[in-house]
Amino acid sequence: MLWKLLVQYLRPHQRLLIAVVVFQLAQSIASLYLPTLNADIIDHGVATGDTGYILGTGSWMLLITLAQIACSITAVYFGAKAAMSLGRDLRDAIFARVGEFSEQEVAYFGAPSLITRTTNDVQQVQQLVLMTCTLLVAAPILSIGGVVMAIRQDAQLSWLIAVAVPVLLIAVGLIVSRMVPLFRKMQTRIDTVNRVLREQLAGIRVVRAFVREGMETERFAAANSDVTELALRAGRLMALMFPVVILVLNISSVAVIWFGAFRIEDRSMQVGTLIAFLSYLMQILMSVMMATFMAVMIPRAAVSADRIGEVLRTESSVRPPLDPVLSSAGRGELELVDVGFAYPGAEQPVLEGISFTARAGQTTAIIGSTGAGKTTLVNLLPRLFDAGSGSVRLDGVDVRELHPDLLWGHIGLVPQKPYLFSGTVRSNLLYGKPDADEDELWSALAIAQARDFVQEMDGGLDAPVSQGGTNLSGGQRQRLAIARALVKQPGLYIFDDSFSSLDTATDARLRQALKRSTAGATLVIVAQRVSSIIDAEQILVLDDGRIVGRGTHHSLLETSETYREIVSSQLTAEEAA
Ligand SMILES: Nc1ncnc2c1ncn2[C@@H]1O[C@H](COP(=O)(O)OP(=O)(O)OP(=O)(O)O)[C@@H](O)[C@H]1O
């Protein structure tokens with residue numbers, strides 16, 4: 001997967017990569033040339049006392065060094081640009097794919113893992129590209145070139161290279177092979193830290209209310225120390241690597257000097273040649289070390305690439321149609337025909353044989369005990385899930401055939417847990433209709449019974465809203481979410497238990513205002529409270545995933561036992577009548 005991912009996402013940046021190779025090649029050639037010039041200075045300049053030669057060759061060396069530095073910097077610059085662009089493109093691709101996911105795929109991966117995959121995993125792949133461009137590209141050029149140049153300097157000593165390189169390879173290879181499994185485990189442990197942290201932040205109030213801080217702290221500490229322990233083990237191996245490499249380098253240097261000294265003594269080698277040979281051997285060994293070191297990064301990046309690839313390959317279970325219907329009658333009439341649905345992995349269906357029509361200009365209410373399947377039912381309408389059997393139709397067209405933008409444009413959803421985005425009251429309201437003017441916003445707030453409290457907020461429409469709307473009360477959040485849907489003026493409104501946090505008087509006022517302002521639209525209201533739906537043109541009583549009663553409040557009081565039970569548990573006989 002790593003290779004496929006790199007080929008696919010680096011292809012647009014291939015010009016940068018070609019530039020990296022060209023500049024790395026140039027800087028490696030310069031690196032390889034410098035020891036030979038150094039040897040010339042020693043053998044022909046210093047040994048003969050030829051100052052002119054020393055100055056001439058020295059200036060030439062200076063020039064080549066400057067060119068080498070310039071090439072190195074340019075290569076790293078282009079390499080960094082390619083790596084960062086790859087990271088950006090991968091994050092974009094994951095984000096776009098996750099945006100298509102239905103709740104099913106998000107639940108499968110889990111939000112913390114999706115975050116780790118978008119951030120840390122992408123960073124691993126990005127880092128591999130960066131290090132490859134900075135170190136690995138030059139390594140084969142330097143090591144092969146180094147061998148050629150060293151043999152050119154003195155073929156007799158070259159057996160030392162044949163010994164030192166395998167020794168270094170085996171030493172570093174042994175250490176690296178122990179690091180790889182540690183890095184493999186690292187990504188899943190980072191996932192766990194993210195999951196625990198996210199859960200604790202989201203549930204902080206519950207944690208406090210149940211005095212579970214101690215237990216949660218321990219849970220986090222355990223996840224945290226798991227990562228730390230792995231990182232320390234990898235760190236210890238890394239710490240071992242450098243002394244081992246230095247040891248091999250130093251022993252090799254001593255061997256070169258030792259055996260070189262004999263050859264200098266019998267005049268078959270010059271001092272400059274010995275120094276050049278030594279420099280080439282160091283270059284070769286450093287390149288081998290870098291290449292082996294990179295071998296640590298490749299498996300880690302491969303694990304990350306698999307995790308990224310898994311997200312990118314996952315098709316949403318809610319697929320957009322290949323040949324979408326691009327226009328609809330626009331009335332917002334909803335029809336469900338024999339709809340069934342089961343959550344993935346569940347044995348029992350949550351919904352079975354659901355058929356009803358929600359007409360434009362009318363309110364269809366869904367009531368039922370907790371867990372009856374009300375939220376599941378309304379989630380099928382905007383295709384948060386797709387019906388397992390039967391068909392959900394909007395204005396006569398199956399929602400699976402409608403263009404998603406057309407479908408979602410028609411629906412104003414107020415979810416059970418209203419979510420507000422960080423920003424301001426205004427930015428949240430404009431979410432549904434970005435070009436709505438101030439009057440439209442205030443009128444939506446007035447209908448949602450939110451005008452008064454927004455006016456009292458510091459900044460009014462521009463008052464800050466924190467992530468998730470946590471600086472507002474549950475009821476305020478619900479009313480802003482209702483206003484957000486109203487600003488959009490869709491054909492079909494879905495209120496999923498949206499009035500539960502409101503007091504009965506506000507609930508009544510809101511429903512009256514809603515009825516006036518949404519005339520012509522289709523309203524689907526899920527409610528726990530009978531008083532919220534008493535005036536609905538059609539009430540569906542849901543029990544255990546089936547419709548067990550339908551009609552108006554008064555007709556249901558006569559025909560549905562389940563409805564009577566719900567009513568009698570909530571209303572006095574007088575209210576019910
Ligand atoms: N994502 C899910 N995966 C598996 N099962 C689920 C999922 N969401 C809900 N369920 C199950 O489906 C059933 C119906 O849940 P649903 O949320 O639709 O009920 P509800 O009528 O809206 O309940 P409430 O009034 O408490 O909100 C429940 O038994 C629940 O356990």
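First listed ligand is number 1; within each ligand, the first listed atom is number 1. This structure is a prediction, so every number in the text was calculated from the model and none was measured.
Judged by distance alone, the side chains of Thr424 and Asp462 never bring a donor and an acceptor atom under 3.5 Å apart. For the residue pair Asp503/Thr506, the side-chain donor-acceptor check at 3.5 Å is satisfied. A donor and an acceptor atom, one from each side chain of Ser391 and Asp398, are located under 3.5 Å apart. When only modelled atom types and interatomic distance are considered, Ser317 and Ser102 share a side-chain donor-acceptor pair under 3.5 Å.
Residue contact annotation: Gln104 has no non-hydrogen atom under 4.0 Å from ligand 1. Residue Ala346 places no heavy atom under 4.0 Å from ligand 1. Using a 4.0 Å heavy-atom cutoff, Gly368 is absent from the residues neighbouring ligand 1.
For atom 16 (P) of ligand 1, the closest heavy atom belonging to the protein is Thr376 OG1, 3.5 Å. The protein heavy-atom contact nearest to atom 11 (C) of ligand 1 is Tyr343 CE1, 3.8 Å. Residue, atom and distance of the protein heavy atom nearest to atom 23 (O) of ligand 1 are Gly371 N, 2.9 Å. The shortest contact between atom 17 (O) of ligand 1 and any protein heavy atom is with Thr375 CB, 3.6 Å. Nearest protein heavy-atom contact of atom 26 (O) of ligand 1 is Thr370 OG1, 2.6 Å.
Inter-residue side-chain proximity for Leu480 and Val454 is flagged as met; some heavy-atom pair is nearer than 4.5 Å.
Contact annotation: for Gln416 versus ligand 1, heavy atoms closer than 4.0 Å belong to the side chain alone. Residue Val350 touches ligand 1 through its side chain alone, judged by heavy-atom distances below 4.0 Å.
Between Phe101 and Tyr108, the gap from one ring centroid to the other reaches at least 6.0 Å.
Using a 4.0 Å cut-off between charged side-chain N and carboxylate O, Glu229 and Arg233 make a salt bridge.
There is no protein heavy atom closer than 4.0 angstrom to atom 30 (C) of ligand 1.
The minimum heavy-atom distance between Trp408 and Lys488, with the atom names listed, is O-NZ, 2.6 Å.
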